[in-house]
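Structure record follows, encoded as structure tokens.
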Amino acid sequence: MFTVIRGVVIVALAAAVVTAVSGPVVAAPVKKGETTVSSPLLELGPLLGIEGTATGPARKVGNDFVMPVVGNPENGTLMHVGGILLTKSNGQTLSFENTHMDLETLEVTAVVNSGERVVIYHGEKVNSQTVFLRFSPEGAAIVRPFINFFGIPEDGGPFGWATTTAEIPEE
């Protein structure tokens with residue numbers, strides 16, 4: 001009896017090991033640094049009844065949002081995981097996730113409300129690690145009705161800064 005039970009246990013353990021070793025391999029994103037997003041507009045959110053929280057592996061530090069950089073910036077794109085979720089007191093939400101910055105054009109895109117990728121900002125280089133962000137017409141058109149406060153943000157209006165610790169290739 002014990003021999004049969006021991007045999008079953010050994011076979012079960014062997015099957016578990018084979019499954020664990022030969023099972024599907026899922027690659028997790030490799031963090032290549034992080035980007036901190038700072039915005040006076042996000043700081044004003046609570047005064048407008050809007051709360052900002054971080055999604056995914058992004059995190060909120062004070063009023064800033066810090067997003068991990070994944071992928072290889074040498075490919076010309078600074079890719080981030082996680083994002084920002086804005087929530088109004090009435091429960092309405094607006095999310096911007098998995099942002100990508102084209103390192104040549106400094107256009108920043110994000111997946112909006114788990115839907116399409118949209119150009120949200122146009123960047124202006126401040127230095128090798130920091131970009132000043134202005135709303136693109138598409139980005140402003142998405143955010144404006146959500147904020148619903150005197151036409152803010154306007155097309156080309158200021159959003160804030162993105163500063164990264166990722167190694168950015170020289171031009």
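Side chains included, hydrogens not; waters and symmetry mates left out as well; all remaining heavy atoms used. Residue numbers start at 1 and run along the sequence shown.
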Query raised in the report: Does T77 use its side chain to pair, donor to acceptor, with the backbone of M79 at less than 3.5 Å?
Result: no
Query raised in the report: Which pair of non-hydrogen atoms, one from V131 and one from L106, has the smallest distance, and what is that distance?
Result: CG2-CD2, 4.3 Å
Requested in this report: Scan for ring pair (Phe, Tyr, Trp, His ring centres under 6.0 Å) pairs involving residues 58-77, sequence neighbours excluded, and state none if there are none.
Outcome: none
Query raised in the report: Can you tell me how far the CD1 atom of I152 sits from the CG atom of L48, to the nearest 0.5 Å?
Result: 7.5 Å
Query raised in the report: Which heavy-atom pair separates T55 from I84 by the least distance, and what is that distance?
Result: OG1-N, 4.0 Å
Report task. Mind listing the closest non-hydrogen atom pair of I168 and S128 along with its distance? Result -> CG1-O, 4.0 Å
**Report entry** Partner residues of S136 under the side chain to side chain donor-acceptor pair (under 3.5 Å) criterion, sequence neighbours left out
**Finding:** E138
**Report entry** Gap between atom CD1 of I147 and atom CG of L94 - 0.5 Å precision
**Finding:** 8.5 Å
Query - Closest non-hydrogen atom pair, P73 against L103 - result: O-CD1, 3.4 Å
Query raised in the report: Can any side-chain N or O of Q129 pair as donor or acceptor with the backbone N or O of A166 at less than 3.5 Å?
Result: yes
Requested in this report: To the nearest 0.5 angstrom, please state how far the CZ atom of F149 sits from the CD1 atom of I50.
Outcome: 10.0 Å
Report task. Give a yes or no on whether V37 and I142 share a hydrophobic cluster (residues Ile, Leu, Val, Met, Phe, Trp, Tyr; joining criterion: side-chain heavy atoms under 4.5 Å apart). Result -> yes
Query raised in the report: In terms of hydrophobic clusters joined by side-chain contacts under 4.5 Å, are F150 and F159 together?
Result: yes
Requested in this report: Would you please name every residue forming a side chain to side chain donor-acceptor pair (under 3.5 Å) with T35, sequence neighbours left out?
Outcome: H80, T164
Report task. Apply salt bridge (Lys or Arg N to Asp or Glu O under 4.0 Å) to the pair K32 and E74, showing each step before the final yes or no. Result -> CA-CA 11 Å; K32 307 284 184 174; E74 289 186 12; over 6 Å; no
Requested in this report: Provide the full list of salt bridge (charged side-chain N to carboxylate O under 4.0 Å, His left out) pairs with a residue in residues 143-152, sequence neighbours left out, each pair given once.
Outcome: R144-D155
**Report entry** Heavy-atom side-chain contact between V108 and F96 under 4.5 Å
**Finding:** no
Query raised in the report: Mind checking what makes side chain to side chain donor-acceptor pair (under 3.5 Å) contact with E124, not counting sequence neighbours?
Result: R134
Report task. In sequence, state the C-alpha distance, the side-chain angles, and the governing distance for V69 and L78, and then conclude on side-chain contact (heavy atoms from CB on, under 4.5 Å). Result -> CA-CA 7 Å; V69 174; L78 196 58; 3.5 Å; yes
Report task. Could you tell me which non-hydrogen atom of P46 sits nearest to which non-hydrogen atom of E43, and how far apart they are? Result -> CD-O, 3.4 Å
Requested in this report: Decide if atom CD of E167 counts as having more than 12 heavy atoms of other residues, nucleotides or ligands within a radius under 6.0 Å.
Outcome: no
Query - Under 3.5 Å donor-acceptor, N113 side chain and G115 backbone - result: no
Report task. Decide whether L44 and F146 are clustered together by the hydrophobic rule: side chain heavy atoms of Ile, Leu, Val, Met, Phe, Trp, Tyr closer than 4.5 Å, transitively. Result -> no
**Report entry** Trace of the side-chain contact (heavy atoms from CB on, under 4.5 Å) decision for T93 with L86
**Finding:** CA-CA 5 Å; T93 61; L86 303 176; over 6 Å; no
Query - Side-chain touch E34/M67, heavy atoms, less than 4.5 angstrom - result: no
Query - W161 side chain reached by P40 side chain, heavy atoms, under 4.5 Å - result: yes
Query raised in the report: Linking I/L/V/M/F/W/Y whenever their side-chain heavy atoms sit closer than 4.5 Å, directly or via other members, would L85 and L42 fall into one cluster?
Result: no
Requested in this report: With sequence neighbours excluded, tell me which residues meet side chain to side chain donor-acceptor pair (under 3.5 Å) with D64.
Outcome: S38
Query - Steps toward side-chain contact (heavy atoms from CB on, under 4.5 Å) verdict (M101, L133) - result: CA-CA 11 Å; M101 176 183 285; L133 302 172; 4.3 Å; yes
Query raised in the report: Closest approach of G33 and T165, non-hydrogen atoms and distance?
Result: CA-OG1, 3.4 Å
